[in-house]
Amino acid sequence: ANALTLTDGNLKIGTAGHGIDFSAQTQSSSTTTSEILGHYEEGTFTPGIKHGGTAATMDVGTGAYTRVGRLVTVNGNCKVETVNLSSGTGAVTITGLPFTVGDTVASTGVEANGTVGYYANMGAVVNSLVIIPNSGTTILEMYGNFTTSGMNASAVALTNTQVNDDSEFRFSISYFT
């Protein structure tokens, strides 16, 4: 049997566009588009908050990510210091994702959904939150539900009414590039 054994050091792919080839394995019954694992990366990024097109002043904006192939998983922590209310109205977005969101779900721009596991100091009663990325962007949109029934079709985009001065939350999402 032919095998590669490394007793010390790293395996380095020296040419862009190449990776580890898994084509010798038994394929699933689904359509296979690639069997090359061509990317691995860990790092940090700086998420921000915008209300409409206006950036909020952040007290905390930290994030970490891992990318394996086309799959990116991010975790972030945001705390708004102040919102520019003179022009900071409109839907709340989290900016600064480390990679552009791919268009992987047919017939929709919504490519995944994520969780907001902790939130505090919201400007209005929010019973549940969800974040979604849109293809071709590096932003997440924030939606919430203000009823006691949990997340459902009546979820609406958050604005400066909900995410305002001192609002804070932690989020997690996985998406494809």
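Excluded from the calculations below are hydrogen atoms, water molecules and symmetry mates; all remaining heavy atoms, backbone and side chain alike, are included. If you read the sequence from its start, that first residue is 1, and numbering goes on from there.
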### Query
Mind checking whether L129 and Y119 have side chains closer than 4.5 Å, heavy atoms only?
yes
### Query
Does R170 have any salt bridge (charged side-chain N to carboxylate O under 4.0 Å, His left out) partners at least two apart in sequence or in another chain, and if so, which?
E168
### Task
Kindly say whether T177 contributes a backbone atom to a donor-acceptor pair with the side chain of R70 at under 3.5 angstrom?
yes
### Query
Under 4.5 Å between any side-chain heavy atoms of F171 and T115, yes or no?
no
### Task
Say whether L71 and I173 are linked into one hydrophobic cluster, either directly or through other cluster members, by side-chain heavy-atom distances under 4.5 angstrom.
no
May I have the list of side-chain donor-acceptor pairs in residues 73-82 shorter than 3.5 Å, sequence neighbours left out?
{"from": "T73", "atom 1": "OG1", "to": "S174", "atom 2": "OG", "distance (Å)": "2.8"}
{"from": "N75", "atom 1": "OD1", "to": "S172", "atom 2": "OG", "distance (Å)": "2.9"}
{"from": "T82", "atom 1": "OG1", "to": "T57", "atom 2": "OG1", "distance (Å)": "3.4"}

### Query
Is it true that the side chains of E111 and N134 contain a donor and an acceptor less than 3.5 Å apart?
no
### Query
Hey, quick one: are L158 and V156 part of the same hydrophobic cluster, counting side-chain heavy atoms closer than 4.5 Å, chains of contacts allowed?
yes
### Message
Contact between V68 and L37 at the side-chain level, heavy atoms closer than 4.5 Å - yes or no?
### Response
yes
### Atom of T95, atom of I49 and distance for their closest heavy-atom approach
OG1-N, 4.3 Å
### Summary
What one should report as the nearest heavy-atom pair of A112 and I132 is O-CG2, 3.5 Å
### Query
Looking only at heavy atoms, which two atoms of T159 and H51 are closest? And how far apart?
C-CD2, 4.1 Å
### Task
Kindly write out the residues that satisfy ring pair (Phe, Tyr, Trp, His ring centres under 6.0 Å) with F176, not counting sequence neighbours, or none if the list is empty.
none
## Note on the structure
The side-chain contact (heavy atoms from CB on, under 4.5 Å) partner of L97 among T137, I139, L140 is L140
### Query
Which heavy atom of G61 sits nearest a heavy atom of T46, and at what distance?
O-CG2, 3.5 Å
### Task
Would you please indicate yes or no on a ring centroid separation below 6.0 angstrom for Y175 and F99?
no
### Query
Below 4.5 Å, heavy atoms only, C-beta onward: do N164 and M122 meet side chain to side chain?
no
### Query
Atom NE2 of H39 and atom CZ of R67: how far apart are they, to the nearest 0.5 Å?
4.0 Å
### Query
After noting the C-alpha distance and the side-chain angles of V116 and I131, does the key distance pass the side chain to side chain contact (heavy atoms under 4.5 Å, CB included) rule?
CA-CA 7 Å; V116 178; I131 50 176; 3.9 Å; yes
### Task
Mind listing the closest non-hydrogen atom pair of S135 and G102 along with its distance?
CB-O, 3.6 Å
### Query
Atom CG of D59 and atom CG of D166: how far apart are they, to the nearest 0.5 Å?
8.0 Å
### Query
What about I20 and Y40, same hydrophobic cluster or not, with Ile/Leu/Val/Met/Phe/Trp/Tyr joined at side-chain heavy-atom distances under 4.5 Å?
yes
### Query
Can you list the steps and then say if F169 with I94 is a side chain to side chain contact (heavy atoms under 4.5 Å, CB included)?
CA-CA 11 Å; F169 52 90; I94 301 171; 3.7 Å; yes
### Query
Of the non-hydrogen atoms in P47 and G63, which two are nearest, and what is the gap between them?
CD-N, 3.8 Å
### Query
Between atom CZ of F45 and atom OH of Y65, what is the distance when rounded to the nearest 0.5 Å?
9.5 Å
### Query
Would you say the side-chain atoms of S167 pair up with the backbone N or O of N121, donor to acceptor, closer than 3.5 Å?
yes
